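A quick write-up on the structure given underneath.
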Amino acid sequence: MFQPGEVQVQKFGGSSMATPERILKVAERVAEQVRAGRRIVLVVSAMGDTTDDLLALMGRISHDPPPRELDQLAATGEIVSVSVTAAALHRVGLTARSFIAPTLGIRTDDRFGSAEITAFERLGELAAFVRGGGVAVVAGYQGMTPAGDLTTLGRGGSDITAVALARDLGQKLCEKFTDEDGVYSADPRLLPTARKVWHLDYREMDALARYGNGILHPRAIAYARESGIRIHVRSSFTREEGSVVGPDGDPRHLVKSLAVDRKQAVVTVEGVRQPPDGGAPATWLADLPFSPAAWEWRTFDGITGSLRVGFRIGETFTALPALWELAAGKNAEEVRFASTLAVISIVGCGLETNAELVPRLLRPLQAIGIHPLLVDHQGVRLTLAVPRDGVTEALDLLHRTVLDL
Ligand code: ASP
Ligand code: MG
């Protein structure tokens, strides 16, 4: 279709598109590049909080709206964005055209709310337009079932559209413009000493995306990984270089970043006697008649018989009865629920390659009396649950340890 580098796929998120002024700024930035000889395909999200507002509107109509109707509504946010963006590009003197699910043939399956893109059936038309010097403006987040109903890909799903489009246009780079100028070692609003991380590998970014930093959609990272596409996360307001997510990362930095998630709960089931044929805790949870969408983590101490399971606070009403049932089935002594927790995830390739790292990170915390309720170490990620009132202190200490590595 195109040689790598022949077109630039650039995604602009809701904050970059929040007002007419910002949209005109995006248009000027694009105009500069087009005048420098570049071909541009834009993927845009809904303006500002539009998607939230649309979903809230539906919430006032019904608590249980048909998923199809919810998607027909939610998809309109991006339709607004592409049309005004294309008009802004015209205003600054460019040739531009908007493409939405039907005009680009963005085919998906029919899982409303989390649809999967299967093809861009009319990509040839977009390619011809771009070859002729036009700027294509594509609606992110949406698609269309074989029957022609609009679908959405899941919250934050414009990232997925952008990476899938870069792939199908034969590109090895996708730029994501956002209100943060990259990925930092910690949230700079919480810790001013945080430094920018220039390179992350796909697994590191995936762990960060899932455990709280929310900068990229995990499915976009998965697509990029499958096709070896690099994603450059950079600011829509400055010219600075941002962070690049790619296959190689930067092994010199053992820990890349700390993410915090305040919406986690933990249940502790004490005194679980492990029957000789009892299997592993993972199978106990899998065997329950119902489970929340995700048991985020679990630890089991075979000596004290203490099982800890973490899940998102929103899943409490499913998780608690399931764990009560488990506790009853295993003659457990006590079930305790804690929701005033924050979960800190420390992410970096060194956590996999350097056995000394985990104790080195935990020691300073223990020294000041912070004993994490949960320690979950999987591959490049170490997750700790700490009481919410100790999170700032814990974060600061962990971050200082990380900067000293
Ligand atoms: N507008 C959609 C959302 O807010 C998609 C996106 O932002 O990527 O979830
Ligand atoms: Mg949005």
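Keep in mind it's a predicted model, so treat the numbers as computed, not measured. Start at 1 and go down the list; that is how both ligands and their atoms are numbered.
Although no hydrogens or angles enter the test, the distance criterion places a donor-acceptor pair under 3.5 Å between the side chain of Gln171 and the main chain of Gly5. The closest donor-acceptor contact from the side chain of His199 to the backbone of Gly246 lies at 3.5 Å or more, if one exists at all. The backbone N or O of Gly348 lies less than 3.5 Å from no partner atom in the side chain of Glu204, so there is not a single donor-acceptor pair.
Ligand 1 has at least one atom lying under 4.0 Å from a heavy atom of Glu78. Taking a 4.0 Å cut-off on heavy atoms, Gly14 fails to register as neighbouring ligand 1.
Near Ser45, meaning under 4.0 Å from any of its heavy atoms, are these atoms of ligand 1: 6 (C), 7 (O), 8 (O). Atoms of ligand 1 lying under 4.0 Å from any heavy atom of Thr51, numbered from 1 in the order shown and given with element: 1 (N), 2 (C), 3 (C), 4 (O). Atom numbering of ligand 1 starts at 1 in the shown order; those under 4.0 Å from a heavy atom of Ser158 are 5 (C), 6 (C), 8 (O). Ligand 1 places these atoms under 4.0 Å from at least one heavy atom of Arg155: 3 (C), 4 (O), 9 (O).
Annotation: Gly156 places an N or O atom under 3.5 Å from an N or O atom of ligand 1; distance criterion only.
With 3.5 Å as the limit, one finds a donor-acceptor pair spanning the side chains of Thr383 and Ser345.
In this structure, Arg167 forms a cation-pi arrangement with Tyr223, its terminal cationic atom sitting closer than 6.0 Å to the ring centre and no more than 45° off the ring axis.
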Return a table of donor-acceptor pairs under 3.5 angstrom between the side chains of residues 147-154 and protein atoms on other chains or two or more places apart.
from, atom 1, to, atom 2, distance (Å)
Asp149, OD1, Arg68, NE, 3.0
Asp149, OD1, Arg68, NH2, 2.7
Asp149, OD2, Arg68, NE, 3.3
Thr151, OG1, Thr108, OG1, 2.9
Thr151, OG1, Gly143, O, 3.3
Thr151, OG1, Met144, N, 3.4
Thr152, OG1, Asp71, OD1, 3.0
Thr152, OG1, Asp71, OD2, 3.4

